[in-house]
Amino acid sequence: WDFLGAEEETKKAVELDPGDPIANIVYLQVLVGNGKSDEAITWLNRWISRGEKDISKRESPGAYVLLFLWAGYFKEALELQNKIMSSGLNPSRYDIFLIAAALAMNDMNSEALAQIEKIKDLHAVQEDSPFQVNYAWTLGRCDRREEALEKLEAIRAFLIKKNIDP
């Protein structure tokens with residue numbers, strides 16, 4: 001993988017169309033992936049100042065929560081995800097996954113687990129490995145280690161069954 005090349009190319013895409021939300025999100029993801037979290041957050045704040053001020057009303061607001069989480073800005077991720085969740089829209093399983101991650105990263109493990117348990121039985125979630133790993137991780141953080149290990153073993157067995165190297 002050429003991460004520095006990816007950074008250059010995604011920056012060119014943003015320069016070609018500064019208002020393109022996808023180009024900006026991908027550029028921010030590449031910055032975070034290249035260890036430039038502070039630069040990514042600075043870019044994000046500059047980009048926000050040029051458009052809709054309320055990020056929860058922008059296209060793909062969950063992507064911004066994910067960026068804050070990846071960059072280590074856990075408090076900001078939680079604040080934004082709470083704003084998205086309280087916007088009056090029906091939260092998707094992705095929104096619930098993000099609020100659970102933001103809660104867990106802010107050491108609010110019981111609250112994170114309560115969010116996860118709202119959707120843990122949905123079929124789509126049953127086959128969503130990242131969700132299941134987050135679920136197991138949160139169980140472990142809530143001192144439910146045996147359940148966490150069982151969950152991780154189930155994920156491993158599922159991945160092997162699907163011929164995916166765990």
Salt bridge present between Asp38 and Lys36 (N-O < 4.0 angstrom): no
Interatomic distance, Asp2 atom CG to Glu7 atom CD [nearest 0.5 angstrom]: 10.5 Å
Distance in Å, Tyr27 OH paired with Glu39 CD, rounded so as to fall on 0.5 Å steps: 5.0 Å
N-O pairing of Glu117 and Arg144 below 4.0 Å: yes
Salt bridge (Lys or Arg N to Asp or Glu O under 4.0 Å) between Lys11 and Glu8, worked out: CA-CA 5 Å; Lys11 186 171 185 175; Glu8 289 173 22; over 6 Å; no
Separation between CG of Asn109 and CG of Leu103, rounded to the nearest 0.5 Å: 9.0 Å
Heavy-atom neighbours of Glu15 CD exceed 12 at 6.0 Å: yes
Approximate separation, where rounding is to 0.5 Å, of Thr138 OG1 and Lys151 NZ: 11.5 Å
Test side chain to side chain donor-acceptor pair (under 3.5 Å) applied to Lys12 - qualifying residues, sequence neighbours left out: Glu9
Exercise: identify the closest heavy-atom pair between Ala112 and Ala100: CB-O, 3.3 Å
Verdict with reasoning, Leu31 to Gln29, per side chain to side chain contact (heavy atoms under 4.5 Å, CB included): CA-CA 5 Å; Leu31 284 174; Gln29 289 172 331; over 6 Å; no
Leu78 and Met105, any side-chain heavy atoms less than 4.5 Å apart: no
Spacing of Met108 atom CE and Gln115 atom CD [to the nearest 0.5 Å]: 10.0 Å
Least distance between heavy atoms, Val30 atom then Ala6 atom: CG1-C, 4.0 Å
Heavy-atom closest contact (Gly140 atom, Ala148 atom, distance): N-CB, 3.7 Å
Considering all heavy atoms, the nearest Leu69-Ala102 contact: CD2-CA, 3.8 Å
Leu28 versus Ala40, closest heavy-atom pair with distance: CD2-O, 3.0 Å
Minimum heavy-atom distance between Asn24 and Pro18, given as atom pair plus value: ND2-O, 2.9 Å
Nearest-0.5 Å distance that lies between atom OH in Tyr73 and atom CD1 in Ile41: 5.5 Å
Close side-chain approach of Phe68 to Phe74, heavy-atom, < 4.5 Å: no
